[in-house]
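Below, each value reflects all heavy atoms present in this structure, side chains not excepted, and no hydrogens, waters or symmetry copies. Just so we're on the same page: letters track the sequence lines, and every chain starts at 1.
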Amino acid sequence: MNTETRSDYLDSLLHGRDLVPEARAGWLKALRAQAVERANALTVPTTRDEDWRFTDLSPLYKVPYRPSAQPGEVSAAEFGRFEIPEAATRLTFVDGHFSAALSRMKPADGVFVANLPDALAAHDRLVESRLGKLAGTGQDAFAAVNTAFLHDGALIHVGRDHKSAPIHLLFIATRKDGAAYPRVLVIAEPGAQCTLIEDFVGLADGGYFTDAVTEIAVGENAHVAHVKLQREAQTAFHIARTSVQVARDGHYSNWSVALGARISRHNLHVMQAGEGSEFSIDGLALIGGRQLADTNSLIDHAHAHGRSRQLHKTVVGGGAHAVFNGKIFVRRDAQHTDAGQQSRNLLLSDKAHVDTKPQLEIFADDVKCAHGATVGQIEADELFYLKSRGLSDATARNLLTYAFAAEVIQRIPVKSLVERLENQVLEQTQIKS
Amino acid sequence: MPGVTNSAFLRLAYNTVQGVRGKEELDPLEFDDLVREKMKLLDIDPSFLGRSLNAGFSGGEKKRNEILQMALLEPKLAVLDETDSGLDIDALRVVANGINKLHTPDNGMVLVTHYQRMLNYIVPDYVHVMEGGRIIRTGDKALALELEARGYDWVGKEAA
């Protein structure tokens with residue numbers, strides 16, 4: 001693809017903007033206009049870009065996506081499958097449009113949750129001061145396009161020292177084609193605690209496109225637990241950016257699970273904005289067929305006494321392809337950083353493919369950093385142990401595959417989600433018991 | 001095997017064996033009742049069920065778990081290879097009692113050991129001495145005691 005068609009593609013996406021309502025607030029108009037300008041100056045990535053070497057997006061570039069003008073229908077039965085009992089508050093978006101009917105607002109004291117246009121009415125200043133600040137559109141063409149389409153989305157604000165029960169953000173795709181640009185802004189004030197579940201689901205098989213941006217500001221001594229569940233249709237495209245900033249002594253935990261999409265990419269950027277922040281980042285991709293799942297993470301230790309633990313696992317079957325690019329940056333002032341990163345990959349077939357690239361860049365001299373990567377198949381002696389107790393080859397393989405994935409799933413702090421995901425993994429690994 | 005819970009593994013193994021024998025498979029609740037009953041019989045801590053199979057198990061725990069598997073899978077012939085090595089006295093007693101309770105006229109158990117100490121708890125029907133892959137002497141429990149007292153050398157010399 002030459003440079004001209006690459007910039008043409010962004011232009012073709014931007015043409016769909018006539019389907020998005022005008023922004024009422026002047027600052028939001030300006031933010032969107034800047035994003036259009038930025039997108040116009042950028043080109044979409046190709047495999048010649050270092051960060052995209054293993055992920056070829058050319059199938060995406062064949063379709064000039066437009067956002068859906070109207071949300072599709074979601075039946076009660078379809079919807080029921082995705083309910084999370086622990087989450088008193090749920091915001092649902094159907095094909096990019098906020099659905100009040102499928103949402104449930106019971107935020108705890110000191111917690112404000114709303115669709116962005118409604119949030120602006122109540123907290124215009126707050127949103128203005130934070131929106132678009134963390135996921136600066138920079139070189140990220142897809143974040144720029146998302147911002148150019150900014151309209152519906154979720155705002156979560158947890159006040160100082162307040163606690164929130166899990167909040168469920170459900171993004172449903174009913175469409176066979178078209179684009180959605182989900183947007184999330186989470187602000188946890190100092191001492192606040194919240195659990196957030198971003199859940200991307202697809203109801204129809206089709207080559208639709210999700211381009212999501214999530215910004216999370218974790219205040220001093222605040223705790224944010226964040227589950228990102230990507231279970232789009234197997235034929236869809238999913239590109240998401242999660243940008244997180246963690247203030248002094250703040251904690252951020254992330255569990256990202258990728259099960260769906262033909263091509264998915266998660267850009268996860270976690271930045272330490274004060275001393276003593278802690279991050280725990282877990283990832284799991286479980287893919288087969290012709291799927292590609294790419295995780296690109298950057299953990300930026302910019303201050304002293306930071307601690308991070310990252311475990312990224314992939315289970316790759318069929319002719320699928322998993323990519324992990326995990327950078328840990330330890331800046332000069334980030335003394336006494338304690339960072340650990342593990343990339344563990346399980347190949348289930350001869351044609352499955354993994355590219356993993358753990359990277360440590362350390363500029364401080366008194367730090368503890370470790371990383372490791374393994375790519376392997378199911379252990380022969382473990383298989384033998386199970387088979388010697390009567391299990392069939394297939395059952396034994398499935399059990400071991402399931403166990404490999406379960407290590408990440410079992411860490412998720414929402415019980416009903418753990419059970420549901422375990423069942424989904426059991427189905428996908430075909431254990432019948 | 002981190003992530004493979006002992007209870008899930010035991011149930012899968014049990015149901016596979018039941019299927020082969022043309023017997024009824026159990027659902028997780030029924031199986032839970034059965035396995036707890038067996039654990040009580042064998043004096044095995046129920047917390048075993050929730051743990052990952054063999055992950056962080058001590059030598060004694062692994063062997064207790066093997067005995068539990070034997071109780072559930074009911075093999076016609078069990079070969080217990082150096083089951084007594086690395087066991088403390090309590091674990092040795094649990095394992096030995098398990099073997100005693102599971103031994104019936106309808107199954108066979110071959111205990112491979114270098115020592116007499118397990119035979120303080122288990123009374124063998126036969127004691128065979130093997131050398132170089134051949135059985136060179138056969139006797140009853142008295143032979144084990146004699147071996148403990150005199151060592152193995154003399155058996156080899158007499159057989160030669």
Tell me whether the count of non-hydrogen atoms from other residues, nucleotides or ligands lying under 6.0 Å of CG in A:Asp350 goes above 12. no
Closest heavy-atom pair and its distance - A:Gly390, B:Thr16: O-CG2, 2.9 Å
Does any heavy atom of chain A fall under 4.5 Å from the side chain of B:Gln18, the backbone, both, or neither of them? neither
Got a sec, which residues hit side chain to side chain contact (heavy atoms under 4.5 Å, CB included) with B:Leu145, two or more places apart in sequence or on another chain? B:Gln116
If you draw a 6.0 Å radius around CZ in B:Arg21, do more than 12 non-hydrogen atoms from other residues or ligands fall strictly inside? yes
Within the supplied structure, the quantity of interest is the number of heavy atoms (other residues, nucleotides, ligands) at a distance under 6.0 Å from B:Tyr152 OH; does it exceed 12? yes
Spacing of CG belonging to A:Leu399 relative to CZ belonging to B:Phe9, to within rounding of 0.5 Å: 8.5 Å
Around atom NZ of B:Lys101, are there more than 12 heavy atoms from other residues, nucleotides or ligands closer than 6.0 Å? yes
Closest non-hydrogen atom pair between A:Leu391 and B:Ala13, with its separation: CD1-CA, 3.2 Å
B:Lys141 atom NZ: more than 12 heavy-atom contacts under 6.0 Å: no
By a 4.5 Å heavy-atom criterion (distance strictly below it), what part of B:Val17 contacts chain A: side chain, backbone, both, or neither? side chain
Sort A:Glu407 into side chain, backbone, both or neither according to what part of it lies under 4.5 angstrom from a heavy atom of chain B. neither
Can you tell me if B:Glu24 has over 12 outside heavy atoms packed within less than 6.0 Å of its CD? no
Verify the neighbour count for atom CD of A:Gln377: are there more than 12 heavy atoms of other residues, nucleotides or ligands below 6.0 Å? no
Under 6.0 Å from the CZ atom of A:Arg307, do we count more than 12 heavy atoms belonging to anything else shown? yes
Spell out the residues in residues 35-57 of chain B that have some non-hydrogen atom less than 4.5 Å away from a non-hydrogen atom of chain A, in order of number; otherwise answer 'none'. B:Leu53, B:Asn54
